[in-house]
Amino acid sequence: MAGNGRDPGRSVASKIFAIMGALGRSAQSYSAAELSRTTALPATTVLRLLREMEALNVVRRTAAGRYEIGLDVWRWGVRVPQIDLIRRAARPLMDDLQRATRENVTLAVLDGHGSAIAVEKVSGGQSWKVVGEMGAEVPLHATAAGKVLLAYSSPAEIRRVLARPLPRYTPFTVVNPSLLDKQLSEIRRTGVGYAGEEMNLGSVSIAAPIWLHGDVVGALSLVGHYRTADVKSLSVAVKKVTREISDNIAKQLAEEPMPPSGHLR
């Protein structure tokens, strides 16, 4: 069947979502052949759909002929009611935090598929240069924001993540499930998470949860230089700001309640 462009067992919609799912796993770009292998779709089918999706600005083709998520998809995603609500509540305080600390500030949420994504970011000239843009995947085990989101996930979700292979990004990435589980317990005890050089050498990230009605709906993180960042004071600042963001979300939700389909948890 490979190469003949026919796959009668799958609808066009399911094929498109398979391609989008593969593209959305990370911020990198993919060739049509790589997407064909990942999705188990015929190469001709993948190429045909990619061309149609490119014409609709759903995907973007790079100068090297590889494909990545299109900007329109990001614009649609950030307009999801709950994400838009969190971003509007957080952005002014993120700006204030970045100016006060001069560090990179990122807002992340769970994507509902066992990973997290960055939905807002504020950087300055002296901030640590973080790899990846808004909409990029935030690894649950290798970033402070990811660990915070995982720590407050359901026990079943935590077990599922701990049971799967954990990619090693640097020599310091925590890939031992038992150690990671201990870190998650500590996050729940202290309300703050850390990742030192686990995603990028030379960086440290500090994150705290954003709450609504007793549930964690996001995580705010600061990323700074590992050897110069004052982790203790930055932790206090992040926790203070996430409390304020949580209050802002509750106030906004009270003022402009979302329809039932848009409830936050």
_Closest heavy-atom pair and its distance - A145, V138_ = CB-CG1, 4.4 Å
*If you take all heavy atoms of P209 and W211, which pair is closest and at what distance?*
CG-NE1, 3.3 Å
Given 3.5 Å as the limit, does a donor-acceptor pair link the side chain of [X] with the main chain of [Y], or not?
{"X": "S31", "Y": "R66", "answer": "no"}
{"X": "T45", "Y": "L41", "answer": "no"}
{"X": "K147", "Y": "A207", "answer": "no"}
{"X": "D230", "Y": "S233", "answer": "yes"}
{"X": "E197", "Y": "G202", "answer": "yes"}
{"X": "R87", "Y": "V119", "answer": "yes"}
{"X": "S36", "Y": "A32", "answer": "no"}
{"X": "S221", "Y": "A144", "answer": "no"}

*Who passes salt bridge (Lys or Arg N to Asp or Glu O under 4.0 Å) against K182, sequence neighbours left out?*
none
*What residues, two or more places apart in sequence or in another chain, satisfy salt bridge (Lys or Arg N to Asp or Glu O under 4.0 Å) together with R51?*
none
*Mind checking what makes ring-ring contact (aromatic ring centres under 6.0 Å, His included) contact with Y194, not counting sequence neighbours?*
none
